[in-house]
Amino acid sequence: MAHRQLEGTVWACHLQKVHHYCPKPLTSDLLSLLGLLECCARCMVGAPFASLVATGLCFFGVALFCGCGHEALTGTEKLIETYFSKNYQDYEYLMNVIHAFQYVIYGTASFFFLYGALLLAEGFYTTGAVRQIFGDYKTTICGKGLSATFVGITYALTVVWLLVFACSAVPVYIYFNTWTTCQSIAFPSKTSASIGSLCADARMYGVLPWNAFPGKVCGSNLLSICKTAEFQMTFHLFIAAFIGAAATLVSLLTFMIAATYNFAVLKLMGRGTKF
C-alpha cells in the first residue's frame, strides 16, 4: 500500500513538472515500519477483546480463589484443633474434608488455566470467522460444532461455579459472625448480653459434631482468639477467596455471552461484528 502511494505521488510530480515540490522518497526502513504498523493495526482490529478481558479475569480469579482458599482451609484446621477440640476423633472427618478440598483446588486451578487458554484461542478463531464471514476465513461445519461445544461447556461450568460461589460465602459468613461476637465482647456497652454468654460454637455450623468438647469458646477467651494473627489472616483469606470466586464467575459469564453471540452470528445470520 505504501509503495503504491509513493509511485502515485512521484508520477503526479513528473506530470506537473514540479519536482521541487515532490516529497522525498521513503526509505526501505520507513516502509518496513509502516508495514509493521499496518500489520499490528489489523491484528488489533481482529482481536477478541471480550475474550481477552475474560481470560485475564479468569486467571486472576482462579489464582486468588485457589491460593487463598487453600491457605484459609489450612488456617481453619489449626484453629479448630487448637481452640475448639482437643480430641482428634471429633474433627477427624473435618480434616479429611479439608484435605479433599485442597486436592480439588489443585485440580480446579489446572483445569481453569487450560480451559481459559482454549477459550481465548476459540475467541480468536470465532472473531476472525465472524469478521471475515464473506472473505478468506469462512468458518466450517466443524468450526461451528466446536464453537457450539464450547458454548455448552461454558454454560455448564457457569452453573457449577454458581454453586462454588455460594459455598465460598459460607466460611465468610461464619468468620464474620465470630468477628461480630468478638466486637460485642470488646465493647460490652453495645450489647445487653453478658460477656460470658457470648460464644462462637463450631458445632452450630456443622463444623464439629454435637458431642465434641468443648466445641465452643466464650467471653474473653473468644476475644483473645479473634486478636490472634492466625484468625485475622484466615478471615481475610476467605474474603479474598470469595472475591476470586466472584471474579471467576464474571469471567465465565463474559465468555458465555461472547461465545454465544459469535456462534449465533455464524449459525443464524452469517455475518456480524467483532465481540
Side-chain angles (χ1 to χ4, degrees), residues 47-80 91-128 142-175 207 230 233-263 275:
F49 292 106
S51 296
L52 286 171
V53 172
T55 302
L57 194 61
C58 180
F59 287 172
F60 167 77
V62 170
L64 193 63
F65 173 78
C66 294
C68 294
H70 182 277
E71 293 302 314
L73 289 174
T74 302
T76 300
E77 180 180 353
K78 293 180 180 178
L79 288 172
I80 291 295
Y91 55 87
E92 181 181 6
Y93 178 74
L94 176 64
M95 298 302 106
N96 293 333
V97 172
I98 288 177
H99 294 159
F101 271 120
Q102 288 176 334
Y103 284 113
V104 170
I105 283 175
Y106 299 146
T108 301
S110 302
F111 172 79
F112 269 95
F113 277 108
L114 176 61
Y115 190 69
L118 290 176
L119 283 178
L120 180 61
E122 194 270 342
F124 272 101
Y125 162 76
T126 310
T127 300
C142 180
K144 292 180 180 179
L146 184 63
S147 298
T149 302
F150 275 113
V151 170
I153 295 175
T154 306
Y155 180 82
L157 282 177
T158 304
V159 174
V160 172
W161 199 259
L162 276 171
L163 300 177
V164 175
F165 174 70
C167 292
S168 66
V170 174
V172 176
Y173 171 75
I174 295 175
Y175 274 87
V207 177
E230 196 172 37
M233 179 61 69
T234 304
F235 184 23
H236 288 91
L237 284 173
F238 272 123
I239 294 175
F242 177 74
I243 295 173
T248 306
L249 179 61
V250 172
S251 71
L252 286 175
L253 290 172
T254 305
F255 272 131
M256 186 175 64
I257 294 171
T260 303
Y261 171 83
N262 285 332
F263 174 74
F275 188 70

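Position 1 is the first residue of the sequence; numbering continues from there.
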When the side chains of residues 60-70 are checked against the rest of the protein, which donor-acceptor pairs come out under 3.5 Å, sequence neighbours left out?
| residue | atom | partner | partner atom | Å |
| --- | --- | --- | --- | --- |
| His70 | NE2 | Tyr106 | OH | 2.8 |

Q.
Could you walk me through whether Tyr115 and Phe255 satisfy the side chain to side chain contact (heavy atoms under 4.5 Å, CB included) test, starting with their C-alpha distance in whole Å, then the side-chain angles of each, then the deciding distance to 0.1 Å, before giving a yes or no?
A. CA-CA 11 Å; Tyr115 190 69; Phe255 272 131; over 6 Å; no
Q) Between atom NZ of Lys78 and atom CE of Met233, what is the distance when rounded to the nearest 0.5 Å? A) 11.5 Å
(Q) Keeping Ser168 on the side-chain end and Phe165 on the backbone end, is there a donor-acceptor pair under 3.5 Å? (A) yes
Q) For Ser110, what residues pass the side chain to side chain contact (heavy atoms under 4.5 Å, CB included) criterion, not counting sequence neighbours? A) none
Q.
So, taking the atom named CG in Leu252 and the one named CG in Leu157, what distance separates them when rounded to the nearest 0.5 Å?
A. 6.0 Å
Q: Report the distance from atom OG1 of Thr74 to atom CG of Leu79, rounding to the nearest 0.5 Å.
A: 11.0 Å
Q: Check Leu119 against Thr154 and note the closest heavy-atom contact, atom names and distance.
A: CD2-OG1, 3.7 Å
Q) So Cys58 and Thr55, side chain to side chain contact (heavy atoms under 4.5 Å, CB included) or not? Walk me through it. A) CA-CA 5 Å; Cys58 180; Thr55 302; 5.6 Å; no
Q) Closest heavy-atom contact between Phe235 and Val172? A) CE1-O, 4.0 Å
Q) Roughly how far apart are Leu57 CG and Thr254 OG1, rounded to 0.5 Å? A) 6.5 Å
(Q) Atom OH of residue position Tyr93 - does it have more than 12 heavy atoms of other residues, nucleotides or ligands inside 6.0 Å? (A) no
**Q.** Smallest separation among heavy atoms of Ala245 and Trp161, with atom names
**A.** O-NE1, 2.9 Å
(Q) Working to the nearest 0.5 angstrom, can you tell me the gap between Met95 CE and Ile80 CD1? (A) 6.5 Å
Q: Drop me the distance from Thr108's OG1 to Tyr103's OH, to the nearest 0.5 angstrom.
A: 14.5 Å
**Q.** Taking every non-hydrogen atom, the tightest pair across Ile105 and Leu73
**A.** CD1-CD1, 4.2 Å
Q) Can Thr76 and Tyr175 be counted as having a side-chain donor-acceptor contact under 3.5 angstrom? A) yes
